[in-house]
Amino acid sequence: MGFLSGLMGNASQVDVNELTDELAPILANNETVELGFKLIRDKFIFTSHRLILIDKQGLTGSKVEYHSVPYKAITHFKIESAGHFDLDSDLKIYISGQDTPISRELRKGDDIVAIQKTLANCLFA
């Protein structure tokens, strides 16, 4: 991911094996990483059990917030694909009890079909 792209708010896909190693201490038994994206220092990861939002804070990024959203709390989601003149895709995930959705922009070329499939498999299983 280019630095400029990150500053523009576009996330890029991260290797599942890299995320699995990083998250091994906090993953539940039999929980696997399905898909993940990085936005500068922050990440959002789809596992077999939940959505994990990682927010690195401060100048050094040593303070980290992990926000786990169980799939049963997701009421619906929306994905808008990139167009010819729109260079990014949009992902919105609506959580029960929250007025504002979790919203992320993805780079054109990121696998939005995989995101839809992962969410569908996890939500409707």
- Are any of the side-chain heavy atoms of R50 and L27 separated by less than 4.5 Å? yes
- Atom CG of N30: over 12 foreign heavy atoms under 6.0 Å: no
- Query: Can you find a pair of side-chain heavy atoms, one from F44 and one from I102, that are under 4.5 Å apart?
  - Reply: no
- From the list I52, T32, L19, L35, side chain to side chain contact (heavy atoms under 4.5 Å, CB included) with T47 holds only for I52
- Query: Rounded to the nearest 0.5 Å, how far does CD1 of I93 lie from NE2 of H76?
  - Reply: 11.0 Å
- Message: Looking at every non-hydrogen atom in both residues, tell me the closest pair between S48 and C122 and how far apart they are.
- Response: O-SG, 4.2 Å
- Item | ILVMFWY cluster, I115 and V69 together (side-chain gap under 4.5 Å) | yes
- Query: When clusters are formed by joining ILVMFWY residues with side-chain heavy atoms under 4.5 Å apart, either directly or through shared neighbours, do I26 and V14 land in the same one?
  - Reply: yes
- Item | Face-on cation placement of R104 at F37 ring, 6.0 Å and 45° thresholds | no
- Item | Approximate separation, where rounding is to 0.5 Å, of E34 CD and K117 NZ | 11.0 Å
- Note on the structure: The reported gap from OG1 in T118 to CD1 in I45 (rounded to nearest 0.5 angstrom) is 13.0 Å
- salt bridge (charged side-chain N to carboxylate O under 4.0 Å, His left out) involving E18 - partner list, sequence neighbours excluded: none
- Message: Please list all pairs meeting ring pair (Phe, Tyr, Trp, His ring centres under 6.0 Å) that have one or both residues in residues 49-68, counting only residues at least two apart or in different chains.
- Response: none
- Message: Checking the side chain of D55 only, and the main-chain atoms of V64 only, is there a donor and an acceptor separated by less than 3.5 Å?
- Response: no
- Looking at P25 and D21, what are the two nearest heavy atoms and their distance? CD-O, 4.3 Å
- Message: Restricting to side chain to side chain contact (heavy atoms under 4.5 Å, CB included), what partner residues turn up for S103, sequence neighbours left out?
- Response: K92
- Task: Tell me whether Y71 is reachable from V33 by hopping between hydrophobic residues (I, L, V, M, F, W, Y) whose side-chain heavy atoms are closer than 4.5 Å.
- Result: no
- Message: Assigning hydrophobic clusters by single linkage (Ile, Leu, Val, Met, Phe, Trp, Tyr; side-chain heavy-atom cutoff under 4.5 Å), is Y94 placed with L53?
- Response: no
- Task: Could you grab the distance from atom NZ of K43 to atom CD1 of I54, nearest 0.5 Å is fine?
- Result: 6.0 Å
- Would a hydrophobic clustering, with Ile, Leu, Val, Met, Phe, Trp and Tyr connected at side-chain separations under 4.5 Å, put I95 with L119? yes
